[in-house]
Number of protein chains: 2
Amino acid sequence: MLNSKIEVYVMFQIGELSDQTGVPAKTIRYYEDIGLLSPAKRDDNRYRLYDQKDAERLRFIKSARALNFSLQEIAQILAARDRHEPPCGHVMDLIQSHIDEVERRIQELETLRSELTNLYEAGQGLPEDVHMRSCVCHLIRISDSKRGN
Amino acid sequence: MLNSKIEVYVMFQIGELSDQTGVPAKTIRYYEDIGLLSPAKRDDNRYRLYDQKDAERLRFIKSARALNFSLQEIAQILAARDRHEPPCGHVMDLIQSHIDEVERRIQELETLRSELTNLYEAGQGLPEDVHMRSCVCHLIRISDSKRGN
DNA sequence: CATAAACCTTCCAGCCACTGGAATGTCAAG
DNA sequence: CTTGACATTCCAGTGGCTGGAAGGTTTATG
């Protein structure tokens, strides 16, 4: 075959895996501890050894984490794949519920931002008061009761 | 005095304080544990007893929590007040840095939302693939590499 | 008087996703 | 031979609670 390539099967240590993926070695061990990664092969000196498949799995985990998927959710996706079940339907549902969640959070934070901004503006020029009756500390209470809490 | 009122000094149990403030009793005990509330007076039966001043302090804590202040930050504010130092200058700084933080988070979440939305749209109509090469799981990887991670 | 219920107490453990640090082992270079 | 850079395990801490066990107290009811 003209297009064949010589592929050498190389295994590497945890530090190399960490460099390749940007995931701290501590975190990789942690992922193994909780079963997200299966127990790594070990060298004679008991050092963990990894290959490109491990790197790919870890990269997937990292990407999904960046999209704010929980380790549990990622574990479910990977477990489905490990059982040779296509996980995509489940993943689509997850994505949808994450979108909902993110939008909810954005709303909350925007409310929070405007409350903080109002508070800051109201607090400017107010006197300092140890008893929190005519200072921004008092306003914190007011901004809260306006919300009805 | 015509306008005088009869004020009866009543103390109440933790459940009542919880009802008044909406803060769970567990949380109140926790706040005492970490020193955010000073150790409560005890009844003969060792039950905690509270008065309106405690309720006010707890309401302040609750309001500040609702504005996303950490317990540490709240502890600082209250400690300053307990030392009879007006805490407002410090609080204004805190508010400003919280506004910055909230705006940063909103930005992050909006980026995340658009990534998730893109992903969802790209994933619609794609086949299921156990090996994650032509399904949304694969797209997770792609959306990540586009970010440069 | 017994019992149930609704309170309260302490203490320990768990959540999430790591992270820090101690104490120790292994290996290559100078 | 020592130094430095790797690796290992294990324990503990982060924040802000929350759940649950195992028990004590108080009040109401049969």
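Every value quoted in this text rests on a predicted model; they were computed, and no experiment measured them. Reminder, nothing fancy here: chain letters follow the sequence lines and each chain counts from 1.
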Just list the side-chain donor-acceptor pairs under 3.5 Å for residues 34-43 of chain A, sequence neighbours left out, or say none.
residue	atom	partner	partner atom	Å
A/Arg42	NH1	A/Arg46	O	2.7

Practice item. Round to the nearest Å and state the distance from B/Arg48 atom CZ to C/dC7 atom C1'. Key: 14 Å
Hey, what are the protein-to-nucleotides 22-26 of chain D N/O distances that come in under 3.5 Å?
residue	atom	partner	partner atom	Å
D/dG24	N2	B/Tyr47	OH	2.4
D/dT25	O4'	B/Tyr47	OH	3.2
D/dT26	OP1	B/Asn45	ND2	3.3

Exercise for review: Mind checking the CG-CZ spacing from B/Asn68 to A/Arg113? Nearest 0.5 Å is all I need.
Suggested key: 14.0 Å
Review point. Sub-3.5 Å donor-acceptor pair from the side chain of B/Ser18 to the main-chain atoms of B/Ile14, do we have one?
Key: no
Check your understanding: Should B/Ile99 and A/Leu109 be counted in the same cluster of Ile, Leu, Val, Met, Phe, Trp and Tyr side chains packed under 4.5 Å apart?
Key -> yes
Practice item. Please report, rounded to the nearest Å, how far the C1' atom of D/dT8 is from the CD atom of A/Gln13. Key: 11 Å
Check your understanding: For the side chain of B/Asp54 and the backbone of B/Arg57, is there at least one donor-acceptor N/O pair under 3.5 Å apart?
Key -> no
Exercise for review: Establish, with yes or no, whether the OP1 or OP2 oxygen of C/dT10 is under 4.0 angstrom from a side-chain nitrogen or oxygen of B/Arg42.
Suggested key: yes
Check your understanding: Does a side-chain N-to-carboxylate-O contact under 4.0 Å join B/Arg29 and B/Glu32?
Key -> no
Check your understanding: Could you state the CZ-C1' distance from A/Arg29 to D/dC6, rounded to the nearest angstrom?
Key -> 10 Å
Exercise for review: Give every residue pair that meets the ring-ring contact (aromatic ring centres under 6.0 Å, His included) criterion with at least one member in residues 13-43 of chain A, sequence neighbours excluded.
Suggested key: none
Review point. Mind checking what makes side-chain hydrogen bond (donor to acceptor under 3.5 Å, both in side chains) contact with A/Glu110, not counting sequence neighbours?
Key: none
Revision key, fill the gap. Rounded to whole Å, CD1 of B/Ile28 lies from C1' of D/dG16 at a distance of 15 Å
Check your understanding: Rounded to whole angstroms, how far apart are CG on B/Asp33 and P on D/dG13?
Key -> 15 Å
Review point. The helix from C/dC1-D/dG30 to C/dG30-D/dC1: angle between its terminal axes, five pairs each, to 10°?
Key: 30°
Review point. Salt bridge between B/Arg104 and B/Glu108, side-chain N to carboxylate O under 4.0 Å?
Key: yes
Exercise for review: Calculate, to the nearest 0.5 Å, the distance between atoms OG1 and CD belonging to A/Thr21 and A/Glu16 respectively.
Suggested key: 9.5 Å
Review point. Taking CD1 from B/Ile74 and P from D/dG15, how many angstroms apart are they, rounded to a whole number?
Key: 13 Å
Study note, to complete from the structure: Rounded to whole Å, the CD1-C1' distance (B/Ile34 to D/dG16) equals 8 Å
Study note, to complete from the structure: Expected string for nucleotides 15-23 of chain C under the B/S/- scheme (protein heavy atoms, under 4.0 Å, primed atoms plus P, OP1, OP2 as sugar-phosphate) is --BBSBB--
Check your understanding: A/Tyr50 has an atom OH; how far is it from atom C1' of D/dT8, in whole Å?
Key -> 12 Å
Practice item. Could you state whether A/Val102 and B/Ile106 fall into the same hydrophobic cluster, counting links through intermediate Ile, Leu, Val, Met, Phe, Trp or Tyr residues with side-chain heavy atoms under 4.5 angstrom apart? Key: yes
